[in-house]
Structures are given as C-alpha cells and as structure tokens.
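As structure tokens, the structure follows; a few thoughts come after it.
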Protein chains: 2
Amino acid sequence: MKRKATITDVAKAAGVSKGLVSFALNDRPGVSPETRDRILGVARDLDYRPSVSARSLSTSTSYAVGLVIARDPEIISADPFFPSFIAGVERVLLTEGRTLVLSVVGDDDHEATVYRTLAAGQRVDGVFLTDLRRDDPRIPMLQELGLPAVTLGHPGTGQMGTGGPGAGDPGTGQPGAGEANPFPSVSLDDTPGTVAAVRHLLDLGHRRIAHVIGPHAMLHASRRRAAFEATLRDAGLEPDPALVVETDFTAAQGAAATTALLERADPPTAIVFGNDPMAIAGLGVAHERGLTVPGDLSITGFDDSELARYVYPSLTSVRTDPLRWGEAAARTLLRLVADGHAADVDLDPAHLVVRTSTGPVRA
Amino acid sequence: MKRKATITDVAKAAGVSKGLVSFALNDRPGVSPETRDRILGVARDLDYRPSVSARSLSTSTSYAVGLVIARDPEIISADPFFPSFIAGVERVLLTEGRTLVLSVVGDDDHEATVYRTLAAGQRVDGVFLTDLRRDDPRIPMLQELGLPAVTLGHPGTGQMGTGGPGAGDPGTGQPGAGEANPFPSVSLDDTPGTVAAVRHLLDLGHRRIAHVIGPHAMLHASRRRAAFEATLRDAGLEPDPALVVETDFTAAQGAAATTALLERADPPTAIVFGNDPMAIAGLGVAHERGLTVPGDLSITGFDDSELARYVYPSLTSVRTDPLRWGEAAARTLLRLVADGHAADVDLDPAHLVVRTSTGPVRA
DNA sequence: GAGGGTCACTGAACCGGTATAGCTTCGTAC
DNA sequence: GTACGAAGCTATACCGGTTCAGTGACCCTC
C-alpha cells in the first residue's frame, strides 16, 4: 500500500502551485484550459483523492449529514420505515459525495448530547428531524446550536401538508399558530390515508372501530388520532376513548393491545393500526383467538411495508413511501446547507391500499 | 449562536499553551494535577468540544467506522437483520465517541467505488464486511487499500465458528485452506441452528423438506445449504436439488418460491426458509392455498425477528441475535483500529426456537 | 556547589486542504 | 511609448488540533 497522493504531490507533478491545483479541481475560473487539463490528468494518474478532513478543516464543512433515531433498537428492527427512509437518503447523498452519519440512541436523554456532539464537533452540516414531538425541544436546541435541519412533517401540525382535501382536522388545529417552523419541512400528509381507512371501514358497515396508535408524545400519533376521530364524527359517530390504545410501535404491544380490545365485553369489529408490524401481530392474535379476518374482525396497517402484501389475509394498509420521503428530505437538506434556505416540500399524500384484511361487518 | 470555543481559546483562558491543553484533555503525563484541573475546568466553562476534522487531520484518524450494505433498498427494509445489527454497533460506538458512516448501495459496481472513496478520503478508520461472498473480491481490495476491516463470519467457511459441536459440516470443507483471513472475524455459527431445524423436522416425520435460501453468491447461503443437505444425509435421505430454491431474500421471492414448491406433483411437507420475511410470506401462501400450518405444511424461519412470535401460527425460527453480533463486531473493529490487531470472536451459535409453525407430518 | 535528572511547560512545525493578496506577463488603448 | 487591466499563476496565511524538541526551575547527589 503506497502512501496516498496529496494535493502537494499533484502540484509538484504538474509543476504548479497547490493553490492552482485546488482551483482546477474545484473548477473555478482563473486557470487556463491547458493547465487545467494537465492538472486533472496528473490527479487521475496519481489516483488523487482529496482528504475530507483537511477540506473540512479549512471550509468548516463536514460533507456529511446526520440522522439521529431515538427509538429502542427493538422497534427500529421491526418497523421498516427507517430502513427505507435511510435507503432513500443514501440514494441522494451518494450522488452528491456526502455521507450519512447515523446515531441510534435508546432513550431521549442521550439524544440531546448526540446532537450537541454532532454540532460542536462539526461532524455534520445538518440533520434530519424525525418523529417530531409536541413542542419539540430539539427545534430550539438546534436553532441555538446553529445546526441546519429538515423536519419530517410540520412541527405545528405534525406531518400535515398543505392540508388534506376535505380532511378538516379540527382536532389538532394549529397549536400556537405564531411559532413558525424555523426549518424547512418535508411532509407527507398521512391524514387522507387515515381518513380513507376509516371511511373504508365505515362503508363496510363497521361502527365500533378501534385505533392502536404510536406513542402519544409523537406528533403524528395525535394528528392521526384527530383525523380518525374527526372522520367518525363526520359520520355521526361519537369516538369511544376506550377504543384508542397507545403503544410504542412494537409488535409485542400491538399484540397486547389487540388482546385487550378483543377481551372487552363489546369488542370492536375493526382495528386501525399505526404501523404494519402491529397490524400483523394483531392478525396473529385474532387467528389465535379463533376469529376470522375479515369475517369477524377487519384490520388495517400503516406504511404498506413489503410484508403487508404477503401475510394472510393480505393487509389493507396506508402507503407512505418512506423511500421517496428520504430522497426528498436529503435533497432539501443539501439545498439548505448549500444555499442557506430551502423550500418546504409536500409529497403525494398517503393513500389507502385495500387488500383482503378488511371486509363487511358480520350481519 | 456564539462562535465555538477552540483549543486556543481554552489555552488563553487558562493561561497556558495550547499544546498543554491538548495534553491535559487527552490525559497524558506531563501535566501537573492542579494545572490539569484548571484546564479541564476552563474547557467545561467554555463548553469546549474538539473539532473532529482538525483532530482527524493531525492524527490521520477519522473516528468513524463504515458499514457498506450492498443490497436493494427493498430487501433491507424487509429484513430486520441490518437494523438490529446497526443498533448493536451504535450501542458500542456511542460510548467510544465514534460515529457510524452508513452507505447503502444497490448494486455491486458502486460498492467498490464506495470503499475506495471511504478509504481514500480518510472518511473511516475501518469497515464491517457483511454478506461475505465466495472468494470475496472486497478482501484483497481492502488489503490493498490498507483499510482495516472485520468480517462477519469466516471468509473461508462462511460464518462457521470454531465448529458447531457435532455438526460435521462435510459439505463445505475448508475451500483452499491456505487463504487465511487477513482480517479478524466475528462469527455466529448458524450451522447448529440449521441442523437443529432440519433434525426437528425429521423427528416430526418429515421426509420431503424444501430449502428456500438466499443468493447463491453469499457464503452463508451455500454453507447453510451444505448443513441442510448433510443433515438429511445423516438421516439416510438423499437431498433433492429440486427442493432447493434460491431467492434474493425478499418476501416477494419467498412467496414465489413457496408457490412453485407447492405446485409440484410431489410437494414438500416442510419448508426451511432463509429468513423470517420469506417464511412469513410462505405462511401467507400456504393459507392462501387452503393449507393449514403445521397440519399440511411445516415452516421454519431464520433470524427470529420480533414478528416471528406474533404471526399465526407463531414461527419456529433460528435465533441469531444480530444486536449482540453488532456489538461484538464494533468492539472488535475498534480494537483492531486502535491496536492494529484483534482476536477472532465466536458468539454463541444460533439455536432453534420451536414455536407452532412446525408439527408432525400428516399421516 | 557543580553536575545530572526529572518535571512542567512553551513554541513551533505539521497534517492537507482553501482563500486571498500580490506578482508577472501580455494585450490594448490613447 | 507609457499606462492600465485582466488573465494566469505563486506564495503564504489559515483552519484547529497533535507532536515533539527545547527551556527553565527545582531537587538530589557527591
């Protein structure tokens, strides 16, 4: 293994100053075409690659972006959202020569430390802010740190985009309409998907519909809950709080929630789950108890993971396209870092994919 | 947002030279206890954090390790192995102040480029080598690049550890026993798990057992196949090549393979799947065709993901503990980077977790 | 009380890039 | 024929750490 070529080596070999090599490589004006070609040729011959740390040091740029995931390892592995999202992010970063610095922290305490470390150590130029929480403390913190960020969804209204057509969403409102999002957001409005799922069940005749949601602290959970309840009210039904169960998104809690719901004196005839793993676990519990799906119980998932299509019965789910979400978020973050600003992006809203886990309520 | 404090600020504030500050912070001898305390105090007051790029530049160390995943985004999101593995890696890195640089590349062409870029740009100090392939070209490449690496499993014999007790493994042998692994390996012998799965099915009376495996090019696929076939032979059965189906690890191909197997004139009575998503998809196909599991068909998975416990019927699977694997791999890689060498690690071998997707063959 | 050794500390070089002021050289305008 | 401007290039400072040779001060020893 021979020593790596530095910019000085290239300069010497090309018979110019290293400043000029820098100019040529970053194609800036002030270099004659012939010299530029010669320099580029020499660089190629020497297999020269600029040192990222040296470049970072002089430009105060790290050429990397960060993703901090504050969820239990268990949950991450079960929920296909993040892997897909990351894949989308990578797809963009790769073409731009940036890298992704990933941090998985179990609990929230460490989370703040991680952001501080990333920011202070100049490890990353910007970060993605996922799983937004109510009055998310990370937003002022990142502002104070001066670390650019892109939020997944609007902090004010969860992932609400420009407003789901006709969704209403009277539950969440704009809490503190004054506090605008200081960061660009990339949103995929999941309200229409939730609404469609509930309407679909209503159309099938269901009246006792349960909702198994994610952690209350996460904005999208409360937003989806609001959409869920608003849709019921639109149909003239009063939502029953006892039919809303909060979980941590794991299959284990999805199963437990299903069991609890089915053991009630007046069990629901349909359950809307907050993600696919929980829905699949719910499917298992139903079978276990001798219920048929969708005969005795209809079930819907969320995110439309690959497996949804292949379980039995195939799972009606809400498609959110995390891959595209990751791509859009990455593009927005890179633009923000480069230009100092970037426009909000609204992706195609989530929509319902009807399969065979939902059916008419038993007469 | 005020400017970040540099080592020079600390030095000035403490009234010493910056060299001494560096010594104090990296607690090296040659600093009096009082001075050290004073410096550390000042550093804390100023909320000083060393710049990673500056440090990287002078030490030629990036304080980051890399993981390159060369699988389709689709597959990664379906297969819980990598998320868990990454979570394990993170758990260790976090305590050591290192970060993980992740790269997801769809196809193998880009893979080489990514390694070269990571190495040449001094982006990472070392990498994890996953999904080892037969005569893996990445090994000589990394050697040539001088980039430290840790392999998941032995390149010679797949993930074989010190040899599963009594497993025999006459199929794989040591191909080219001369080519030792230049890198330390962290292995989790999955042969005992495979053997146990097949034995379990044989004990239940199954004779026509199919095997749905991962890509042939990946070492663990061929190793598991060998273990599978050896176990059949031990029982006096001749393996039927038609009952071995190669897939890309996606649920889609798992479903397709199951369909193909069940449409044969002499369908298998049990199927051993290479991962859980495929097994779950297989479960779905069986149900779809009106078969009961395990009455008409027994099914086993691999990796024992969280969902395995919650599908119906609950999935008999082989537990491999990717989380612990990640932790061990990270520790080994850090040691390798720090000391220049590290010992191979053999984790507890995979073992079978029997649930309800396997049962006696129908009389 | 001079020589030797240790300890605490300083100052400057260095890592490999980028940024910029300044120096040639040449062409053109008046 | 001199002045001026621009193009092309060089030299050097700088980013923020680490490393190491060197400098005093102090103690010990004979």
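Protein chains get the first letters and strands the later ones, always in sequence-line order, with residue 1 at the start of each.
Atoms CD (A:Glu34) and P (D:dA7) sit 15 Å apart, rounded to a whole Å. Rounded to whole Å, atom C1' of C:dA8 lies 11 Å from atom CD1 of B:Ile39. Look at CG on A:Asn26: it is 13 Å from C1' on C:dG16, rounded to the nearest Å. For the pair A:Arg55 CZ and D:dG17 C1', the computed distance is 20 Å after rounding to whole Å. One can place CG of B:Leu20 at 18 Å from P of D:dT23, the figure rounded to the nearest angstrom. One atom, CZ of A:Arg28, and another, C1' of C:dA19, lie 7 Å apart when rounded to the nearest Å.
Between the side chain of A:Lys18 and the base of C:dG17, a donor-acceptor pair under 3.5 Å is found.
OP1 or OP2 of D:dG17 sits under 4.0 Å from a side-chain N or O of B:Tyr48. For C:dT18, the OP1/OP2 oxygens have no side-chain nitrogen or oxygen of A:Ser58 closer than 4.0 Å.
With B:Asp339 contributing its side chain and B:His341 its backbone, the two residues share no donor-acceptor pair below 3.5 Å.
Five base pairs at each end of the helix from C:dG1-D:dC30 to C:dC30-D:dG1 define two local axes, and these are offset by 60° (rounded to 10°).
For B:Thr35, taking side-chain heavy atoms from C-beta onward, the closest of the listed nucleotides D:dC9, D:dG17, C:dA8 is C:dA8. Listed nucleotides D:dT18, D:dG8, C:dC9 differ in distance to A:Ser32; the shortest reach to its side chain belongs to D:dG8.
A:Phe81 and A:Phe85 have parallel rings, their planes meeting at less than 30° on a 0 to 90° scale where 60° marks the start of perpendicular.
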Less than 3.5 Å apart, which donor and acceptor atoms pair up between the side chains of residues 38-48 of chain B and the rest of the protein, not counting sequence neighbours?
unit_1, atom_1, unit_2, atom_2, d
B:Arg38, NH1, B:Ala14, O, 2.4
B:Asp47, OD1, B:Arg49, NE, 3.4
B:Asp47, OD1, B:Arg49, NH2, 3.4

